[in-house]
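Working notes, structure below.
Sequence lines set the chain letters: A, B, ... in the order given, protein chains first and strands last, and positions in each chain run from 1.
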Amino acid sequence: MIKITFPDGTSKEYREGITSLEIAGEISPRLAKAVYSATVNGEVRDLTMPLRSDSTLRLNKWEDDEGRHAFWHSSAHLMAEALESLYPGIKFGIGPAIENGFYYDVDPGDGVSITDSDLPAIENKMKELAAMNLTYKRKEVSKAEAMELFTRKGDEYKTELIGELEDGTITLYSNGNFTDLCRGPHLPSTEPIKAIKLTSVAGAYWRGDEKRKMLTRIYGITFPEQKQLKEYLDFLEEAKKRDHRRLGKELELFTFSPKVGLGLPLWLPRGSDVRQNLINYLTSLLRKRGYKIVTTPHIGNVNLYKLSGHFEKYRTSSFQPISTPEEGEQFMLKPMNCPHHCEIYNATPHSYRELPLRMAEFGTVYRYEQSGELHGLTRVRSFTQDDAHHFCRPDQLREEFKSIIDLVLYVFKILNFNDFTAQISLRDPEDKDKYIGSDENWERAEQDIIEAAREKNLKTVVVPGEAAFYGPKLDFMVKDAIGRKWQLGTIQVDYNLPERFDLTYNGSDNQKHRPVLIHRAIFGSLERFVAVLIENTAGKLPLWLSPEKAVILPISEKFNDYASNVLEILNNSDICTLIDDRSEKIGKKIRDNELKRIPYLLVIGEKEAESGTVSVRKQGEGDKGSMKIGDFIAFIRSEISKELAD
RNA sequence: GCCGAUGUAGCUCAGUUGGUCAGAGCAGCUGAUUUGUAAUCUGCAGGUCGGGGGUUCGAAUCCCUUCAUCGGCUCCA
């Protein structure tokens, strides 16, 4: 007998060799139908794997990431089986489960292409195969056997993968006629896969390397119930309505013009107001925290960027240098603010007493992003960073870093960004040539970040290879409407630029010392931040950010005089207000202004004109009753200060 | 930049296999109406069907090319 311990701490004896699926079945037959994988002693396994010794066991259902993962991974194999039967000779790359569903990278062969219009046929084949309830069979093989099998099949992608694996660790999974190199785990059979939807096809470079062949990536998602699929598709439909590109147009926030250029956003008056509100708010926070605001030009001599290392690193992703009438003189549109700020630092001598020096700028920068990467306001070629550089003594670094984490969390809380990921982005240890600076500096900086995050009890994920070329960073990622993650805030530790720019301060020993540089942004860029904000709020911005706080709706033209009085009073009280004096019925005016997401609608008619009041209707919530004009002003002010309160 | 899809009035979309197919709704402008909490009625105006080239007696529709957008990949200081 072996002892199996469950997550709640209870344990029970079972015969040796029992499977997790059988244990689930003993607990209840319904549970057996709802589990998709098992976590045995911390490792995710097939449900059908026999248990040979005392173990901890967790049965993973749909609600568990590990459960869905197995479900979708098995679905990827099911799709592969369908593809192999529909496209004989098709070759397979990799086919993992992802956050929402799965994909498989395939090479259908020269001259054969799989497009959106082919998806229904593949989907139908999958349904047909799933209905056969075929089992997923696991087999351990030697490296030689695996190599032989896939060489015979002519699957050069698989053989490349096998070549990199350790002998003795290789497993194959088969479902129907399809056999794949795979670590697993998988479902016992295709039986639970009831609802299938292939969502899109896309190109994807083999092994993520743009120098290698582009394979066809087919994305799909499956569910145990048809109803769940419908809910998922409905969610995607709803999410489209929150797309900032759509709302930006509808709400007249920003636009793009091909005549101006790709990726160069034009902020309309309403969008500019939102942007300015963000700038004003953050500026007031920065003043309180001892930041100095600076302003620097939009261009800089090309030598500045040669010194910083940016020129070499980003040669092809920058706007090319601007020549002047002078021979041999060249300037660049600034792709970042750091070098300018370093030179501001260098303009005066510094004492250890005045550090940390916090230098901030809403700096507009220009980067020549590849055309295929442009995306609404989230990826543009000109954007304004809420940039700052903290020049500190080494002994101040940790505290300074932590205080910036606090600032990011504070601002995110005010804006209700609760669902973010804090990501520690480190150097890729395999590819050190991508980075500048000594190993010693890198190790020091990476430790600084890891420890600062730990001291703040920040839940983080560590991702190697995501660091900036001059230093590691802590990035704050927030999701858009359909779940794509975007980096907003970032805090970066840099020992390298201070050396390149020969930054110094006088220590208490009257010797020159090297400061450490922290780069940081809270919003990241105003463009991307506004985009994510729009998607998170579905365009219903908080009152303090809203370009207009209210709109006055006179019942009829008879009350236009009183309405314009109210308008004047409110605007003179710094409550930006509009008036809708069209000759329309009140219902129509309410509908139109509700759709424009104006926070408060003020209905005005005979009653209000007589009593000096306004009837207040809150966007999305309906009638709130009437108020004296002065009370409404006080109400709006208190609502705004509530939003901005700690 | 790469793969795939898409591109018809300001917006959302109809326009079967090439032949009154250049349309509708909303927005806009006109008049009428003067309205009490999510769409009043009338009339008008709007597009070289993304651009360019080709096939054809004839192209929004077929072909080529180019640009842009969307979904991914790559990249993201």
message = Nearest whole Å is fine: how far is B:U74 P from A:Asp105 CG?
response = 10 Å
request  = Write down the distance between CD1 (A:Ile590) and C1' (B:U37), rounded to a whole number of angstrom.
outcome  =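 Interatomic distance, CD1 of A:Ile590 to C1' of B:U37: 3 Å.
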What nucleotide among [options] has an atom nearest to a side-chain atom of [X]?
X: A:His375; options: B:C75, B:U37, B:G71; answer: B:G71
X: A:Ser615; options: B:G36, B:C2, B:U40; answer: B:G36
X: A:Arg591; options: B:U35, B:U74, B:A38; answer: B:A38

request  = With rounding to the nearest 0.5 Å, note down the distance linking SG in A:Cys338 to CG in A:Leu517.
outcome  = 7.0 Å
key: Geometric class of the A:His389/A:Phe391 ring pair [parallel <30°, tilted 30-60°, perpendicular >60°]   = tilted
task = Flag as yes if A:Tyr314 stacks onto the base of B:A77 (centroids under 5.5 Å, planes under 30°), otherwise no.
result =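 So yes, this residue stacks on that base, both cut-offs being met.
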task = Using the six-membered ring of A:Tyr205, assess whether NZ or CZ of A:Arg212 lies under 6.0 Å from its centre and within 45 degrees of the ring axis.
result =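 No cation-pi geometry.
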key: No-H, no-angle donor-acceptor pair, A:Arg379 side chain to B:C75 base, under 3.5 Å   =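 Answer is yes: a donor-acceptor pair is held.
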Does a side-chain N or O from [X] land closer than 4.0 Å to OP1 or OP2 of [N], or not?
X: A:Lys588; N: B:U37; value: no
X: A:Lys618; N: B:U37; value: no
X: A:Arg245; N: B:G71; value: yes

